[in-house]
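No experiment lies behind these values; they were computed from the predicted model shown.
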Amino acid sequence: MKLGQVVITRGVNAEISKSIEFSKFILESIARFRNCDWGDVPEEDKRMNDAAVKNGDDRIVARYNDIYIIAEWDRSATTILFTNEY
């Protein structure tokens, strides 16, 4: 799946700079996202994400623990942020 430009918030960047474990978690989460594993979202949202991948016409929102990964509808950018930054 195309991600476009991958951007992270200041909060995520600060945590990455402090923790190798968190950095690994981010990389694992991106891999899951690319493989259409939407993490901790309701089944309805998973179905909407699957349809967005198939049709290419809506944004995709996935959650892994306390982060979201959000791909814009046109896949021009994907943002990684903490859930409290949404």
Side-chain angles (χ1 to χ4, degrees):
M1 176 177 42
K2 180 181 170 192
L3 300 179
Q5 180 180 6
V6 177
V7 295
I8 59 176
T9 61
R10 287 183 184 167
V12 170
N13 187 53
E15 193 62 31
I16 286 171
S17 68
K18 289 190 255 180
S19 170
I20 293 291
E21 289 303 314
F22 186 75
S23 299
K24 290 178 184 176
F25 167 70
I26 293 295
L27 292 174
E28 290 165 1
S29 298
I30 292 169
R32 289 176 67 185
F33 188 84
R34 289 190 63 129
N35 287 318
C36 301
D37 172 351
W38 311 126
D40 307 321
V41 296
E43 287 302 317
E44 180 179 338
D45 291 351
K46 290 177 182 180
R47 286 191 298 274
M48 289 189 320
N49 286 344
D50 289 340
V53 169
K54 181 180 176 183
N55 300 326
D57 62 353
D58 204 358
R59 67 186 214 158
I60 299 168
V61 179
R63 180 178 178 162
Y64 311 96
N65 296 336
D66 61 345
I67 66 162
Y68 283 121
I69 299 180
I70 303 172
E72 294 302 320
W73 72 271
D74 62 356
R75 309 302 180 261
S76 61
T78 298
T79 304
I80 303 169
L81 64 157
F82 284 114
T83 54
N84 65 357
E85 296 175 311
Y86 185 69

### Query
Among pairs that include at least one residue of residues 75-86, which meet side chain to side chain donor-acceptor pair (under 3.5 Å), considering only residues two or more places apart or in two chains?
Thr9-Glu85, Arg59-Tyr86, Asp74-Ser76
### Message
According to side chain to side chain contact (heavy atoms under 4.5 Å, CB included), who are the partners of Glu43, at least two apart in sequence or on a separate chain?
### Response
Lys46, Arg47
### Query
Just how far is it from atom CG of Asn13 to atom CD1 of Ile26, taken to the nearest 0.5 Å?
10.5 Å
### Query
Are Leu27 and Trp38 connected in the hydrophobic side-chain network, where two residues link if heavy atoms are under 4.5 Å apart?
no
### Task
Tell me whether Tyr64 is reachable from Ile16 by hopping between hydrophobic residues (I, L, V, M, F, W, Y) whose side-chain heavy atoms are closer than 4.5 Å.
yes
### Summary
The reported gap from CG in Asp50 to SG in Cys36 (rounded to nearest 0.5 angstrom) is 6.5 Å
### Task
For the residue pair Val12 and Phe22, establish whether any side-chain heavy-atom pair is separated by less than 4.5 Å.
yes
With a 3.5 Å cut-off and sequence neighbours excluded, list the donor-acceptor pairs that the side chains of residues 65-73 form with protein atoms.
none

### Task
Give me the other members of the hydrophobic cluster that Val7 sits in, counting Ile, Leu, Val, Met, Phe, Trp and Tyr linked by side-chain heavy atoms under 4.5 Å, directly or via other members.
none
### Query
Taking a hydrophobic cluster as the set of Ile, Leu, Val, Met, Phe, Trp and Tyr residues connected by side-chain heavy atoms closer than 4.5 Å, whether directly or through intermediates, do Ile80 and Phe82 fall within one such cluster?
yes
### Query
How many angstroms lie between CD1 in Ile60 and CZ in Phe33, if you round to the nearest 0.5 Å?
5.0 Å
### Task
Quick one: list whatever passes salt bridge (charged side-chain N to carboxylate O under 4.0 Å, His left out) with Lys18, sequence neighbours left out.
Glu15
### Task
Check salt bridge (charged side-chain N to carboxylate O under 4.0 Å, His left out) between Asp37 and all other residues, then give those that pass, not counting sequence neighbours.
Arg32
### Query
With a 4.5 Å limit on heavy-atom distance, are the side chains of Met1 and Val53 in contact?
yes
### Message
Let me confirm one number: the OG-CD distance from Ser23 to Glu28, rounded to the nearest 0.5 Å.
### Response
11.0 Å
### Summary
Shortest non-hydrogen pair, Val41 vs Val61, comes out as CG1-O, 3.9 Å
